Visitor: 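Starting off with a structure, shown below.
Only heavy atoms go into these numbers, but all of them, side chains included; no hydrogens, no water, no symmetry mates. Just follow the structure's listing: the first ligand is 1, and inside any ligand the first atom is 1. What you see is a predicted model; the values in this text were computed from it and never measured. Here, residue 1 is the first one in the sequence, and each next residue gets the next number.
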Amino acid sequence: MDAEQGWRFLETMLLMRRFEEAVGTLGARGAFPGHYHLYIGQEATGAGAFSVLREQDRIATTHRNHGHVLARGADPGAALAEILGREGGLNRGRGGTIHLCAPDLGFVSTSGIVGSVVGLAAGAAFACKGRGDGGIGVALFGDGALEEGIPFEAMNIAALWKLPLLLLCENNSADAWGMAKGGYPALVHAANDLRAIPGALGIPAIRVEGIDPFAVCDAVATAAARCRAGEGPVFIEAMTRRWAGSAPLWPELATGITDLGMATGETPIPEGPHAEWFARNDPVLRLARLVLAQGGDSAARLRALDAAVCARIGAAERFALASPLPDPATATDFTFA
Ligand SMILES: Cc1ncc(C[n+]2csc(CCOP(=O)(O)OP(=O)(O)O)c2C)c(N)n1
Ligand SMILES: [Mg+2]
């Protein structure tokens, strides 16, 4: 393991984690209306993937978007203000959690219309190809997107036209309850291996361990290089276990606020339903254990990193809460018709 790369991944992943813990806490106390989705459990996928992307790449992502926007470098205060529907938000409070977007950072859209982002990213890939600046279109989407029609059509045209389209499917359905058990929707598909779908169109499709940022980074780097070389789209399926807090229909901080003592060994792993999560499936604790294995001053460095991240998120929260709601008289501003 490249230790310094490990620390960089950990910083991004901790930023996402502490951000989502703030969102979950604010959501539970009704600080913003409506449904929302947390990226907890998938941080390694986003951190690994975004470490490879370039400025000229164009990204379309889904409703589980907070981590993606942060990994691309969006200001956490503006992102949190957007989730709270405030004027100081990335989209002046118009997008909210599900459609918060950072066009300046190359996001074409983030959308709650499941599957739509694959079509948008294919269009972005077409534009990138036309511009010829080496940029690629990137779609990040859940496994559920492949139940929709548009990803199939978009993959077909991308394969035919050899578009520089990187398809990153975040499969988080392992351990999900699904609607049959009264939980959040989980994958319902006739294909038992999602790679077969792009595979049928001749698109190379690989599966990667989504809790390993190094593995994701390698896979995305190889795929992006192929796209940039004009060889057409690539599909990556990143596998993660469903975090318990995203199993019910409404998210809840089921595993509490992350205690890095469970990585240093200072806090014993509690027995009970989340023991497996803490010991093996939480990507943040997993990577923290890896960087700590270097010994030396790594435990102190971990504490300092987390303190700095928590301070950043604390400032983001103060900024977001102090930002006003948009003036109702401006409700129709920025609309097309
Ligand atoms: C076109 C469309 N159909 C149905 C829904 C309702 N819906 C919201 S989330 C969801 C499941 C999404 O699963 P997945 O794409 O795997 O993302 P995850 O939330 O698991 O990360 C569904 C079906 C929707 N938002 N859009
Ligand atoms: Mg899913």
Visitor: For Gly93, is there any backbone N or O sitting under 3.5 Å from a side-chain donor or acceptor partner on Glu87?
Guide: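 Between the backbone of Gly93 and the side chain of Glu87 there is no qualifying donor-acceptor contact (under 3.5 Å).
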
Visitor: Leu38, Leu15: one ILVMFWY side-chain cluster at the under-4.5 Å cut-off?
Guide: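 Yes, because Leu38 and Leu15 connect within a single hydrophobic cluster, where side-chain heavy atoms sit under 4.5 Å apart.
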
Visitor: Answer with yes or no whether Gly115 contacts ligand 1, where contact means a heavy atom under 4.0 Å from a ligand atom.
Guide: no

Visitor: Check Arg207 with Asp193, please: is the shortest side-chain N to carboxylate O separation under 4.0 Å?
Guide: yes

Visitor: For atom 21 (O) of ligand 1, tell me which residue out of His35, Arg64, Glu148, Glu170 has the closest non-hydrogen atom.
Guide: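 Result: the heavy atom closest to atom 21 (O) of ligand 1 is in Arg64.
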
Visitor: State whether the number of non-hydrogen atoms from other residues, nucleotides or ligands found under 6.0 Å of Arg286 atom CZ is greater than 12.
Guide: yes

Visitor: Aromatic rings Phe126 and Trp161: how do their planes relate, parallel, tilted or perpendicular, breaks at 30° and 60°?
Guide: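 The arrangement is tilted - the two ring planes meet at 30° to 60°.
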
Visitor: Can you tell me the protein heavy atom closest to atom 25 (N) of ligand 1 and the distance?
Guide: Gly112 O, 2.8 Å

Visitor: Check ligand 1 against Asp143 and write out every atom of the ligand that is under 4.0 Å from a heavy-atom position of the residue.
Guide: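 Within the 4.0 Å cut-off of Asp143, ligand 1 contributes 16 (O).
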
Visitor: With a cut-off of 4.0 Å, which atoms of ligand 1 are near a heavy atom of Arg242?
Guide: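 Once the distances to Arg242 are compared, the set is 20 (O).
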
Visitor: What orientation do Trp277 and Trp243 show, parallel under 30°, tilted 30 to 60°, or perpendicular over 60°?
Guide: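 Trp277 and Trp243: tilted rings.
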
Visitor: Quick check: does Ser173 put an N/O/S atom under 2.8 Å from the Mg ion (ligand 2)?
Guide: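 Of the N, O and S atoms in Ser173, none lies under 2.8 Å from the Mg ion (ligand 2), which means no.
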
Visitor: Considering only N, O or S atoms, which atom of Asp143 is nearest to the Mg ion (ligand 2)?
Guide: OD1

Visitor: Please state which protein non-hydrogen atom is closest to atom 20 (O) of ligand 1 and give its distance, to 0.1 Å?
Guide: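 The closest one turns out to be Asn172 OD1, 3.0 Å.
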
Visitor: Looking only at heavy atoms of Gln42, does any of them come nearer than 4.0 Å to an atom of ligand 1?
Guide: no

Visitor: Can you tell me the protein heavy atom closest to atom 22 (C) of ligand 1 and the distance?
Guide: Val114 CG2, 3.9 Å

Visitor: Among all the protein's non-hydrogen atoms, which is closest to atom 11 (C) of ligand 1, and how far away is it?
Guide: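 Here the closest protein heavy atom is Pro185 CB, 3.8 Å.
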
Visitor: With under 30° as parallel and over 60° as perpendicular, where do the rings of Tyr184 and His63 fit, or are they tilted in between?
Guide: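 If you compare the ring of Tyr184 with that of His63, the planes turn out tilted.
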
Visitor: Please answer whether the main-chain N or O of Arg8 pairs with a side-chain N or O of Thr12 as donor and acceptor at a distance below 3.5 Å.
Guide: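 It does hold such a pair.
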
Visitor: Please write down residue, atom name and distance for the protein heavy atom closest to atom 16 (O) of ligand 1.
Guide: Gly144 N, 2.8 Å

Visitor: Using a 4.0 Å cut-off to any heavy atom of Ala145, which atoms of ligand 1 qualify?
Guide: 15 (O)

Visitor: If you measure from the Lys or Arg side-chain nitrogens to the Asp or Glu carboxylate oxygens, is any gap between Arg17 and Glu43 under 4.0 Å?
Guide: yes

Visitor: Mark yes or no for whether Arg228, through its side chain, and Gly134, through its backbone, hold a donor-acceptor pair below 3.5 Å.
Guide: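 Such a contact is found between Arg228 side chain and Gly134 backbone.
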
Visitor: Taking the six-membered ring for Trp, are Phe9 and Phe214 closer than 6.0 Å centroid to centroid?
Guide: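 Yes: the rings meet the under 6.0 Å criterion.
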
Visitor: Taking 2.8 Å as the cut-off, does an N/O/S atom of Glu170 lie below it from the Mg ion (ligand 2)?
Guide: no

Visitor: Less than 4.0 Å is my threshold; does some heavy atom of Tyr184 fall inside it relative to ligand 1?
Guide: yes

Visitor: Taking a cutoff of less than 4.0 Å between a non-hydrogen atom of the residue and any ligand atom, is His37 in contact with ligand 1?
Guide: no

Visitor: Got a protein heavy atom sitting under 4.0 Å from atom 6 (C) of ligand 1?
Guide: no

Visitor: With heavy atoms under 4.0 Å as the rule, classify the contact between Glu147 and ligand 1 as side chain, backbone, both or neither.
Guide: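 None of Glu147 does.
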
